[in-house]
Visitor: 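Here it is, the structure in full.
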Protein chains: 2
Amino acid sequence: MEENQCLQNKKNMMAIQDSMDVLYGKWKISIISSICFYNKRRFSDILNDVVGISNKMLSKELKELETNKVITRTVLDTHPITVQYQLTEHGKSLQTIINNLTDWGIKHRLEIIGSSELLNIN
Amino acid sequence: MEENQCLQNKKNMMAIQDSMDVLYGKWKISIISSICFYNKRRFSDILNDVVGISNKMLSKELKELETNKVITRTVLDTHPITVQYQLTEHGKSLQTIINNLTDWGIKHRLEIIGSSELLNIN
DNA sequence: CAGTATCCAAAGGGATACTG
DNA sequence: CAGTATCCCTTTGGATACTG
């Protein structure tokens, strides 16, 4: 392999790791997706969308995403208060990735989960 | 919001969660990326590419990816033996996502990491 | 509603050493 | 080279209860 190509690959690996520092974990992508699909989303809505997450975890993950400027948090002056989460421009640039992951998930279900369901494994 | 749209969003959320069941964690995407960028990759090469991973973790993660039919494992008859990992067709369909994540990582560095480096925080 | 606080079990994962 | 095995500390995260 050419040396130039090799250098390029190393740069790419670094970029991937930068992305994953922000997005890794069981929940982050699902949370971002919830906000992305609905455009605006409240705390309890996300809690419902993301199957299995606890309020403690959701709270923690949302803070991290806010720190990384992926989402914004807005307190609405209702009674009781409501908090709305939205994607920043930076967060919105993840939309393509989310759409691709959605398509891949459907394909994956056909490829793996589907075939094991036929065998009654799940 | 329309009821149809709402149903569609729930389907999408399920698909995202199917994807994340396979891809979540600190290392999976980086491992797949390493194999993807280089086309074929040996155990020790991946160990070098993915900064910070231990051989124990790499071994575990590779097994899971093989189980999920994302990669294949081929033992080459060299002395000492070499093991080559490659993406399956199913795994190759992640290429677009990997390219997008690479671009996003570069943008993210400019957006967040870059600005804190200017302040000498890191 | 949108979180926080606390307890605590389970899993994650690093370091090191070892094997075919 | 490509892993496995073991030790053991750290982090994760569920359950439950509580607050403004």
Side-chain angles (χ1 to χ4, degrees), chain A residues 1 16-17 20-35 38-68 70-87 91, chain B residues 1 6 13 16-17 20-35 38-68 70-87 91:
Chain A
M1 187 171 293
I16 286 285
Q17 270 155 26
M20 295 322 291
D21 281 347
V22 182
L23 304 174
Y24 90 89
K26 198 173 178 178
W27 310 114
K28 296 250 172 59
I29 298 269
S30 292
I31 293 168
I32 296 168
S33 299
S34 164
I35 302 172
Y38 290 94
N39 194 30
K40 302 173 181 182
R41 210 67 179 144
R42 289 175 312 157
F43 188 88
S44 55
D45 292 330
I46 304 172
L47 204 55
N48 266 292
D49 292 339
V50 182
V51 178
I53 199 171
S54 65
N55 56 350
K56 189 177 96 177
M57 282 308 296
L58 181 55
S59 175
K60 201 199 78 184
E61 303 282 74
L62 285 169
K63 273 181 194 164
E64 290 178 21
L65 290 173
E66 204 188 344
T67 302
N68 280 305
V70 174
I71 61 173
T72 58
R73 177 180 180 277
T74 316
V75 180
L76 301 180
D77 195 14
T78 54
H79 300 281
I81 60 155
T82 322
V83 179
Q84 197 145 80
Y85 292 92
Q86 286 181 268
L87 297 185
Chain B
M1 187 169 294
C6 206
M13 285 302 299
I16 286 285
Q17 269 154 27
M20 294 323 290
D21 281 346
V22 182
L23 303 174
Y24 89 89
K26 198 174 179 178
W27 309 115
K28 296 251 174 54
I29 297 269
S30 292
I31 293 168
I32 296 168
S33 299
S34 163
I35 302 172
Y38 289 95
N39 195 31
K40 301 173 181 180
R41 210 67 178 145
R42 289 175 313 157
F43 188 88
S44 55
D45 292 330
I46 304 172
L47 205 55
N48 265 292
D49 291 340
V50 182
V51 178
I53 198 171
S54 65
N55 55 351
K56 188 176 95 177
M57 282 307 296
L58 180 55
S59 174
K60 201 200 77 186
E61 302 282 73
L62 286 169
K63 272 181 194 165
E64 291 177 24
L65 290 173
E66 204 188 344
T67 302
N68 279 305
V70 174
I71 62 172
T72 57
R73 177 179 181 277
T74 315
V75 180
L76 302 181
D77 195 15
T78 53
H79 300 279
I81 60 156
T82 322
V83 179
Q84 197 145 81
Y85 292 93
Q86 286 180 270
L87 297 185

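In what follows, chains are A, B, ... by sequence order, proteins preceding strands, each numbered from 1.
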Visitor: Would you kindly give the CD-to-P distance between A:E61 and D:dG14, to the nearest whole Å?
Guide: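 About 10 Å, once rounded to whole Å.
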Visitor: For residues A:R73 and A:V83, report the shortest heavy-atom separation together with the two atoms involved.
Guide: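 So the two residues come closest at CG-CG1, 3.6 Å.
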Visitor: Expressed as a whole number of angstroms, how long is the span from B:Y85:OH to D:dC1:P?
Guide: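 That distance rounds to 14 Å.
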Visitor: Does the base of D:dG13 carry an N or O that pairs as donor and acceptor with the side chain of A:K60 under 3.5 Å?
Guide: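 Donor-acceptor pair under 3.5 Å: no.
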Visitor: By nearest heavy atom, map A:I53 and B:N55 onto DNA chain D; which one lands nearer the 5' end?
Guide: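 By nearest-heavy-atom nucleotide position, the 5'-most residue is B:N55.
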Visitor: Rounded off to whole Å, could you give me the CG-to-P distance for the A:D49 and C:dA2 pair?
Guide: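 After rounding, the reported distance stands at 12 Å.
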Visitor: In terms of side-chain heavy atoms of B:K56, which of D:dG13, C:dA15, C:dG3 is nearest?
Guide: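 Among D:dG13, C:dA15, C:dG3, the one nearest the side chain of B:K56 is C:dA15.
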Visitor: Check the phosphate of C:dG14 against B:S54, side-chain N and O only, distance under 4.0 Å to OP1 or OP2. Yes or no?
Guide: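 Affirmative; the distance criterion is met.
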Visitor: Could you check which of C:dG14, C:dG3, C:dC1 has an atom nearest any side-chain atom of A:F43?
Guide: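 Of the candidates, C:dG3 comes closest.
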Visitor: Taking atom P of D:dA2 as reference, at what distance in whole Å does atom CG of B:L62 sit?
Guide: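 Interatomic distance, CG of B:L62 to P of D:dA2: 11 Å.
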Visitor: From CD1 of A:I46 over to C1' of C:dA2, roughly how many Å is that when rounded to an integer?
Guide: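 Going from CD1 in A:I46 over to C1' in C:dA2 covers 11 Å.
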Visitor: Could you check A:I81 against A:G52 and say which one's nearest nucleotide on DNA chain D is further toward the 5' end?
Guide: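 Its nucleotide being nearer the 5' end, the pick is A:G52.
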Visitor: Can you tell me how far P of D:dA2 sits from CE of B:M57, to the nearest Å?
Guide: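 Taking atom P of D:dA2 as the reference, CE of B:M57 is at 19 Å.
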Visitor: Would you kindly give the NZ-to-P distance between B:K26 and C:dG12, to the nearest whole Å?
Guide: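 Rounded to whole Å, this separation is 14 Å.
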Visitor: Specify the closest pair of heavy atoms between A:L87 and A:I35, including all atoms of both residues, with the distance to one decimal.
Guide: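 For A:L87 and A:I35, the tightest heavy-atom pair comes out as N-CG2, 3.9 Å.
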Visitor: Output the single nucleotide from D:dC1, C:dC1, D:dT4 whose closest atom is nearest the side chain of B:S59.
Guide: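 The answer is D:dT4.
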Visitor: Choosing from C:dA2, D:dG3, D:dG14, which nucleotide comes nearest the side chain of A:W27?
Guide: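 That would be D:dG14.
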Visitor: B:S34 side chain to B:S30 main-chain N or O, any donor-acceptor pair under 3.5 Å?
Guide: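 Not at all, since once roles are kept as given, no pair shorter than 3.5 Å links the two residues.
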Visitor: Report yes if at least one side-chain N or O of A:R73 is closer than 4.0 Å to OP1 or OP2 of C:dA2; otherwise report no.
Guide: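 No, no such contact exists.
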Visitor: Using purine N1 to pyrimidine N3 plus N6-O4 or O6-N4 for Watson-Crick, or N1-O2 and O6-N3 for G-U wobble, both under 3.5 Å, which nucleotide pairs with D:dT12?
Guide: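 D:dT12 is paired, partner C:dA9.
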Visitor: Between B:T67 and B:K63, is there a donor-acceptor pair closer than 3.5 Å when you use the side chain of the first and the backbone of the second?
Guide: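 Confirmed, B:T67 side chain pairs with B:K63 backbone.
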Visitor: Let's see if you can work this out: which of C:dC1, C:dT4, C:dG3 has an atom nearest to the side-chain heavy atoms of A:P80?
Guide: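 Looking only at heavy atoms from C-beta outward on A:P80, the closest nucleotide is C:dC1.
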Visitor: Rounded to the nearest 0.5 Å, what separates atom NZ in B:K28 from atom CD in B:E64?
Guide: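 Going from NZ on B:K28 over to CD on B:E64, the span is 4.0 Å.
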Visitor: Can you tell me the pairing partner of D:dT19 across any strand shown, Watson-Crick or G-U wobble, with both distances under 3.5 angstrom?
Guide: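 Answer to the pairing question: C:dA2, which forms a Watson-Crick or G-U pair with D:dT19.
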Visitor: Would you kindly give the CD1-to-C1' distance between B:I31 and D:dG3, to the nearest whole Å?
Guide: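 Between C1' of D:dG3 and CD1 of B:I31: 14 Å.
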Visitor: Report the C-alpha separation of B:L23 and A:I29 in whole Å, then their side-chain angles, then the decisive distance to 0.1 Å, and conclude whether the side chain to side chain contact (heavy atoms under 4.5 Å, CB included) test is met.
Guide: CA-CA 10 Å; B:L23 303 174; A:I29 298 269; over 6 Å; no
Visitor: Tell me which of A:Y24 and A:R42 sits closer to the 5' end of DNA chain C, going by the nucleotide each one is nearest to.
Guide: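 Comparing both residues, the 5'-ward one is A:R42.
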